[in-house]
Amino acid sequence: MAFLPVEEQLEIIKRGTVEIVPVEDLVEKLKRSVKENKPLKIKLGVDPTRPDLHLGHSVVLRKMRQFQDLGHHAILIIGGFTAMIGDPTGQNTTRPPLTEEEVAENAKSYIEQAQKILDTTKLEIVNNNDWLGSMSFIDVIRLTSKTTVARMIERDDFSKRFNNNEPISLHEFLYPLAQGQDSVHLENDVELGGTDQKFNLLVGRQLQKDSDIEPQVCLMMPLLVGTDGSAKMSKSYDNYIGIDENPNDMYGKSLSIPDELIYKYFELVTDVPLEELPGIQEKAESDPRNAKHDLAYAITKLYHGEEAAKGAREHFEQTVINKQVPDYAPEYPITAGEVVRILDIISDLNFSSSNGETKRLIKQGGVSIDDEKVSDIGLELTLESGEEKVLKVGKRKYAVLKGA
RNA sequence: GGGGAGAUACCAAAGCGGCCAACUGGGGCAGACUGUAAAUCUGUUGUCUUACGACUUCGUAGGUUCGAAUCCUGCUCUCCCCA
């Protein structure tokens, strides 16, 4: 296929990118690629520890996709070997290493999800266990001799942990080397990663140089801030929007991000055309409410299609704005005439983690039946056959109580 | 190898024999206000119990005591200093 002119490619590549080190090398590589009609090898390493992908992961995956669309060759590395070490990046404590079986299973699930973003028909998938796993101890020692302790602790998370008197296990130093060795093995032109990966990516560049391979260009994408507006998006902070999430939740969660993030999200996790971005930035400031709805729509559409996005918007208007009961509310059957405690109903529905919490919710006015706040902790109810009541717990948990 | 310090709830951090289910801050949850935004105010945040109260919890296993997060001993883990 014919490649786009270098300038046009660059513009697409630079979207949302924090840093390209060094950008001149990328220009050179692109020029040569166009001239020789030869795709660049783009490397992205993924850690198969947590297989649930969310929009945070999508940032760098989307960048990968953009390279694919530009005609370049995408290589996804499953960090089967490195996962057994545990990437220290961003961890304040050492990660538990995974077994080979877990890795295989997680990798499978990862790829399944990633195909919502990547073009898997044109994707090369490799496992770094294939080459790292067979290295001998002497190979490893030679590898370690290529860098120094001072360089290692110069890395941000290490120096922080070091200064905070937190433990750093020796094996964690090997992680960047292992990742760098991947680049030596693949001889890739570009490696993608989050800004937190900068150090690791640069190690790859250095190791390639040492092995007389043309060094890779490191391209860093920002870490997407989660829906809470402060920490990076992560499952463990529960501030994430999963790419597998149902349209309604996806839409709703997208709306719950702080206003300041609207533009960033448009830039990083949607496919709105480059030329529309300036207009969006303006709208995000002048009319954040609607801009955010546009965003929620765009995100939902990306993963579920136009119809579902429309449905999610209607659903939102219906339930939140007009305060109607969502149609997915679970039904809770109650035998006609039977006396049931409200406490038990909520517990059965898993709407609260303990009876103590339920009582607290009731005391604070967080529970209502048919729009009427429940004030009595010990409330018991009975339903006639066919009778229905709507139970609401907290902000957005609904159930339909149905006499049967 | 030698010496010293430490391990408390989601996180940080007080408490150092009974008044401790454990101060305080952050986070979370709920209410008011709103745009499922922010800011603000209020309440709440171990389990069971309508409640009184009961039970489990302060790295881990034992011990001392009427009584332990607090004292003693073993163990595990971490940090610092020296070599």
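This structure is a prediction, so every number in the text was calculated from the model and none was measured. Here is how names work: the chains are called A, B, and so on, in the same order as the sequence lines, proteins then strands, and each is numbered from 1.
- Backbone-only contact: A:I257 has heavy atoms under 4.0 Å from sugar-phosphate atoms and none from a base.
- The nucleotide B:rA5 finds its pairing partner in B:rU78, both defining distances of the Watson-Crick or G-U wobble pair being shorter than 3.5 Å.
- Here B:rA38 presents its P atom at 22 Å from OH of A:Y263, a figure rounded to the nearest Å.
- Side-chain N or O atoms of A:K41 include one that pairs as donor or acceptor with a backbone N or O of A:L186 at under 3.5 Å.
- Sparse packing is recorded around CD of A:E282, with 12 or fewer heavy atoms of other residues, nucleotides or ligands lying under 6.0 Å away.
- The interatomic distance linking A:R289 (CZ) with B:rG35 (C1') rounds to 6 Å, in whole Å.
- Comparing atom distances between the A:K359 side chain and each of B:rC79, B:rA51, B:rG31 picks out B:rA51 as nearest.
- Atom CD in A:E260 sits about 9 Å away from atom P in B:rA38, given to the nearest Å.
- Around atom CD of A:E11, no more than 12 heavy atoms belonging to other residues, nucleotides or ligands sit under 6.0 Å away.
- For CD of A:E380, the number of neighbouring non-hydrogen atoms (other residues, nucleotides, ligands) closer than 6.0 Å is greater than 12.
- Contact annotation for A:K397: no contact, since no heavy-atom pair falls under 4.0 Å across all strands.
- Checking the phosphate oxygens (OP1, OP2) of B:rA32, a side-chain nitrogen or oxygen of A:K373 falls inside 4.0 Å.
- Both A:V393 and A:R341 lie close to RNA chain B; mapped to their nearest nucleotides by heavy-atom distance, the more 5′-ward contact belongs to A:V393.
- Below the 3.5 angstrom threshold, one finds no donor paired with an acceptor across the side chain of A:N290 and the base of B:rG35.
- As rounded to whole Å, 12 Å separates atom P of B:rG35 from atom CG of A:D259.
- For A:K116, the NZ atom counts as densely surrounded, since its 6.0 Å shell holds more than 12 non-hydrogen atoms of other residues, nucleotides or ligands.
- Under 3.5 Å, the side chain of A:R360 and the base of B:rU45 form no donor-acceptor pair of N or O atoms.
- Taking atom C1' in both B:rC19 and B:rG2, one finds a spacing of 44 Å when rounded to whole Å.
- Comparing B:rC80, B:rU50, B:rU36 by their closest approach to the side chain of A:F162 singles out B:rC80.
- Rounded to whole Å, the distance from CD on A:Q364 to P on B:rC41 is 17 Å.
- Mapping A:E357 and A:H293 onto RNA chain B by nearest heavy atom places A:E357 at the nucleotide closer to the 5' end.
- Figure legend. B:rA32 is base-paired to B:rU40; pairs are counted as Watson-Crick or G-U wobble with both atom distances under 3.5 Å.
- Here A:G378 lies out of heavy-atom contact (under 4.0 Å) with every strand.
- Annotation: A:K253, atom NZ; neighbour count of heavy atoms from other residues, nucleotides and ligands within 6.0 Å is above 12.
- The partner of B:rC55, taking Watson-Crick or G-U wobble pairs whose two distances both stay under 3.5 Å, is B:rG46.
- Looking at heavy-atom distances under 4.0 Å, A:N355 makes contact with sugar-phosphate atoms alone, never a base.
- Base engagement by A:P288 is indicated by at least one non-hydrogen atom pair under 4.0 Å involving a base atom.
- You'll find that the side chain of A:L361 is closest to B:rC29, out of B:rC29, B:rU44, B:rU78.
- Side-chain nitrogen and oxygen atoms of A:S354 include none within less than 4.0 Å of the OP1 or OP2 phosphate oxygen of B:rG46.
- Rounded to whole angstrom, the span from the NZ atom of A:K253 across to the C1' atom of B:rA37 amounts to 17 Å.
- Distances were taken from every side-chain heavy atom of A:P167 (C-beta onward) to each of B:rA30, B:rC79, B:rU36; the shortest belongs to B:rC79.
- Base contact: A:K292 has a heavy atom under 4.0 Å from a base atom.
- Comparing the P positions of B:rG25 and B:rA69 gives an interatomic distance of 25 Å, to the nearest angstrom.
- Nucleotides B:rA13 and B:rG26 place their C1' atoms 11 Å apart, quoted to the nearest Å.
- Closest contact between the side chain of A:L255 and the listed nucleotides B:rU50, B:rU36, B:rA30 involves B:rU36.
- More than 12 heavy atoms of other shown residues, nucleotides or ligands fall within 6.0 angstrom of atom NZ in A:K146.
- One atom, CG of A:N239, and another, C1' of B:rU36, lie 16 Å apart when rounded to the nearest Å.
- Judged purely by distance below 3.5 Å, without hydrogens or angles, the side chains of A:Q179 and A:S183 never pair a donor atom with an acceptor atom.
- The base-pairing partner of B:rG25, taking Watson-Crick or G-U wobble contacts with both distances under 3.5 Å, is B:rC11.
- When the side-chain nitrogen and oxygen atoms of A:S256 are compared with OP1 and OP2 of B:rA37, none of them lie within a distance under 4.0 Å.
- One finds no side-chain N or O of A:K363 lying less than 4.0 angstrom from the OP1 or OP2 phosphate oxygen of B:rG31.
- A:I362 has its CD1 atom 12 Å from the C1' atom of B:rA30, to the nearest Å.
- In this structure, A:G252 reaches the bases: a heavy-atom distance under 4.0 Å links it to at least one base atom across the strands shown.
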